[in-house]
Colleague: 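Below is the structure I would like to discuss, written out as structure tokens.
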Amino acid sequence: MNNASEIIKLEEHELEIVKDVANRRAFAFDARKKEYSMVELRVMGIYRESYSIEELRERKFDLSGVVTSFDGVSKRAEKELTIDAPFAEGIRKWQLPIDVMGFRIISTVFPPNTTVLPHVHSELKSGIKSGGFRIVVKGSITFEGKKYSPGDWFFIPNGVPYTFTTDPEIETTENYWYGHNAAKGHSRISSPIPSN
């Protein structure tokens with residue numbers, strides 16, 4: 001299970017995110033430091049968005065064949081591949097144990113009447129398009145005045161502030177494809193910021 005004491009070795013493009021955040025938020029940045037605990041990153045306002053293919057392999061997730069929601073590996077991912085959700089309480093969020101080039105697929109379960117507070121994910125350098133493509137599976141999401149029901153979808157590019165509210169009566173489940181790619185690889189971390 002993902003926990004605060006977890007140490008991750010950051011790739012060069014991920015260290016650029018840390019450097020940028022440190023500069024913007026007046027934190028010290030040591031260019032020689034390559035490993036960070038999730039506690040250190042969260043203090044800076046940096047959150048885990050996904051796991052790399054290498055991390056899935058290290059955790060013994062087999063990426064070579066068919067994987068379904070009925071497989072034991074799917075339940076294991078729900079416990080071991082948890083993702084941060086800093087803008088709402090009570091959310092369960094995890095990465096599915098599959099490899100889709102350039103994207104990580106995340107499953108999220110929201111308690112009834114959850115409001116995801118307004119925030120924005122930073123646009124990336126070099127004109128690389130990233131963002132989240134969401135599909136409602138159960139319940140509903142109200143986004144920009146429209147109610148999205150099972151099977152409905154929407155895409156929010158990085159750099160666009162957003163907020164939404166889930167079904168007031170029942171849990172809402174969504175699957176979303178999240179691409180937070182940098183010029184040199186997939187980034188496992190990001191630094192979303194509150195917006196008004």
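Being a predicted model, the structure only gives us computed values, none of them experimental. Just so you know, residue 1 is the first one in the sequence shown, and it goes up from there. Below, all heavy atoms of this structure are taken into account, side chains as well, without hydrogens, waters or symmetry copies.
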Colleague: Spell out, as yes or no, whether a donor-acceptor pair under 3.5 Å connects the side chain of Thr115 to the backbone of Leu117.
Modeller: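 Checked: no pair found.
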Colleague: Strictly distance-based, threshold 3.5 Å: is any side-chain N or O of Glu40 a donor or acceptor partner for the main-chain N or O of Ser37?
Modeller: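 Pair found, side chain donor or acceptor close to backbone of Ser37.
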Colleague: Okay, side chain of Asp30, backbone of Arg32: is any donor-acceptor separation there less than 3.5 Å?
Modeller: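 Present.
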Colleague: I'd like to know if Met44 and Leu10 are part of one continuous hydrophobic network [Ile/Leu/Val/Met/Phe/Trp/Tyr, side-chain heavy atoms within less than 4.5 Å].
Modeller: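 Same cluster.
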Colleague: Would you say the side chain of Lys138 lies within less than 4.5 Å of the side chain of Phe110, judging by non-hydrogen atoms?
Modeller: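 Result no, sub-4.5 Å side-chain heavy-atom pair not found.
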Colleague: Can you list, by chain and residue number, the hydrophobic cluster partners of Val120 when the side-chain cut-off is 4.5 Å?
Modeller: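 Joined to Val120, directly or through intermediates: Ile193.
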Colleague: Would you indicate whether the side-chain heavy atoms of His13 and Ser187 approach each other to under 4.5 Å?
Modeller: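 Touching, per the 4.5 Å side-chain cut-off.
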Colleague: With a 6.0 Å cut-off on ring centres, are Phe155 and Phe133 close enough?
Modeller: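 No, too far apart.
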Colleague: Would you give the length of the straight line joining atom CD of Glu144 to atom CZ of Phe154, rounded to the nearest 0.5 angstrom?
Modeller: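 Interatomic distance, Glu144 CD to Phe154 CZ, rounded to 0.5 Å: 9.0 Å.
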Colleague: Looking at Val116, is its backbone amide N or carbonyl O close enough to the side chain of Thr163 to form a donor-acceptor pair, meaning the two atoms are under 3.5 Å apart?
Modeller: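 It does hold such a pair.
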Colleague: Is a donor on one side and an acceptor on the other found under 3.5 Å between the side chain of Thr114 and the backbone of Pro111?
Modeller: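 Yes; at least one donor-acceptor contact below 3.5 Å.
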Colleague: Quick one: do the Arg25 and Ser191 side chains pair a donor with an acceptor below 3.5 Å?
Modeller: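 Checked: Arg25/Ser191 side chains pair up, N/O donor to acceptor below 3.5 Å.
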Colleague: Between Glu6 and Arg42, is there a salt bridge with N-O shorter than 4.0 Å?
Modeller: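 No salt bridge links Arg42 with Glu6.
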Colleague: Are Tyr51 and Arg104 close enough that some pair of their side-chain heavy atoms sits under 4.5 Å apart?
Modeller: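 In short, these two side chains do not touch, never coming nearer than 4.5 Å.
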Colleague: Given side-chain contact (heavy atoms from CB on, under 4.5 Å), test Val73 with Val67 step by step and report yes or no.
Modeller: CA-CA 8 Å; Val73 71; Val67 180; 3.7 Å; yes
Colleague: Start with the C-alpha gap between Ile141 and Glu174, add the side-chain angles, then the distance that decides, and say whether side-chain contact (heavy atoms from CB on, under 4.5 Å) holds.
Modeller: CA-CA 9 Å; Ile141 294 175; Glu174 71 167 8; 3.4 Å; yes
Colleague: Transitively linked via ILVMFWY side-chain contacts under 4.5 Å: Ile156 with Trp153?
Modeller: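 No: no chain of side-chain contacts under 4.5 Å links Ile156 to Trp153.
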Colleague: Should His121 and Tyr178 be marked as a ring-ring contact (aromatic ring centres under 6.0 Å, His included) after you check the CA-CA gap, both sets of side-chain angles, and the distance that decides it?
Modeller: CA-CA 11 Å; His121 295 265; Tyr178 186 68; 5.7 Å; yes
Colleague: For Lys33 and Leu15, work out which heavy atoms get closest and say how close.
Modeller: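 Looking at all heavy atoms of both residues, the closest pair is O-CD2, 3.6 Å.
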Colleague: Please name the pair of heavy atoms, one in Gly132 and one in Tyr176, separated by the smallest distance, quoted to 0.1 Å.
Modeller: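 Heavy atoms only, the tightest pair is CA-CD1, 4.4 Å.
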Colleague: Can a donor-acceptor pair be found, under 3.5 Å and without considering hydrogens, that links the side chain of Ser52 to the backbone of Glu55?
Modeller: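 Side chain of Ser52 to backbone of Glu55, a donor-acceptor pair under 3.5 Å: yes, one is there.
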Colleague: Using the six-membered ring of Tyr148, assess whether NZ or CZ of Lys146 lies under 6.0 Å from its centre and within 45 degrees of the ring axis.
Modeller: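 No, cation not above the ring by the 6.0 Å, 45° rule.
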Colleague: Using a strict threshold of under 4.0 Å (side-chain N to carboxylate O), is an ion pair present between Lys34 and Glu11?
Modeller: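 Not counted as a salt bridge, because no side-chain N and carboxylate O are separated by less than 4.0 Å.
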Colleague: Looking just at side-chain N and O atoms, do Asp71 and Thr68 make a donor-acceptor pair shorter than 3.5 Å?
Modeller: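 A donor-acceptor contact under 3.5 Å links the two side chains.
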Colleague: Can you find a pair of side-chain heavy atoms, one from Val18 and one from Ile189, that are under 4.5 Å apart?
Modeller: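 They are in side-chain contact.
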Colleague: Could you state whether Leu96 and Val109 fall into the same hydrophobic cluster, counting links through intermediate Ile, Leu, Val, Met, Phe, Trp or Tyr residues with side-chain heavy atoms under 4.5 angstrom apart?
Modeller: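 Yes, it is one cluster - the side chains of Leu96 and Val109 are joined through contacts under 4.5 Å.
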Colleague: Would you indicate whether the side-chain heavy atoms of Leu56 and Gln95 approach each other to under 4.5 Å?
Modeller: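 Heavy-atom side-chain distance check passes, below 4.5 Å.
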Colleague: In this structure, is the centre-to-centre distance between the rings of Phe87 and Tyr162 below 6.0 Å?
Modeller: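 No: the rings miss the under 6.0 Å criterion.
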Colleague: Measure the spacing between CD of Glu171 and CG of Asn113 and express it to the nearest 0.5 Å.
Modeller: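 Going from the CD atom of Glu171 to the CG atom of Asn113 covers 13.0 Å.
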Colleague: Is there a donor-acceptor contact under 3.5 Å linking the side chains of Asp167 and Thr172?
Modeller: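 No - no donor-acceptor pair under 3.5 Å links their side chains.
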Colleague: Is any side-chain heavy atom of Leu41 closer than 4.5 Å to a side-chain heavy atom of Arg48?
Modeller: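 In short, these two side chains do not touch, never coming nearer than 4.5 Å.
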Colleague: Heavy atoms, side chains only, cut-off 4.5 Å: are Val137 and Pro150 in contact?
Modeller: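 With C-beta onward as the side chain, the pair stays apart.
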Colleague: With hydrophobic residues grouped by side-chain heavy-atom distances under 4.5 Å, do Ile170 and Ile135 end up in a single group?
Modeller: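 Not linked; separate clusters.
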Colleague: At what distance, to the nearest 0.5 angstrom, does OG of Ser190 lie from CD1 of Ile17?
Modeller: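 Answer for the OG-CD1 pair, Ser190 versus Ile17, is 7.0 Å.
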Colleague: Does this structure show an ion pair linking Glu54 with Lys9, if we count only N-O contacts that are shorter than 4.0 Å?
Modeller: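 Answer for the salt bridge query: no.
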Colleague: Please evaluate residues Trp94 and Arg76 with respect to the criterion side-chain contact (heavy atoms from CB on, under 4.5 Å), reporting the C-alpha separation (whole Å), side-chain torsions for both, the decisive distance (0.1 Å), and the verdict.
Modeller: CA-CA 10 Å; Trp94 66 95; Arg76 206 175 112 221; over 6 Å; no
Colleague: Apply side-chain contact (heavy atoms from CB on, under 4.5 Å) to Phe61 and Leu81, showing your working.
Modeller: CA-CA 10 Å; Phe61 285 96; Leu81 300 178; 3.9 Å; yes
Colleague: With a 4.0 Å cut-off on N to O distance, would you call Arg188 and Glu14 a salt bridge?
Modeller: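 Looking at Glu14 together with Arg188, the answer is yes, because their closest N to O distance falls below 4.0 Å.
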Colleague: Within the structure provided, determine whether Leu63 and Arg57 are in side-chain contact (heavy-atom separation under 4.5 Å).
Modeller: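 Answer yes - side chains close enough.
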Colleague: Do Ile91 and Phe164 share a hydrophobic cluster (ILVMFWY, side-chain heavy atoms under 4.5 Å, transitive)?
Modeller: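 Ile91 and Phe164: one cluster.
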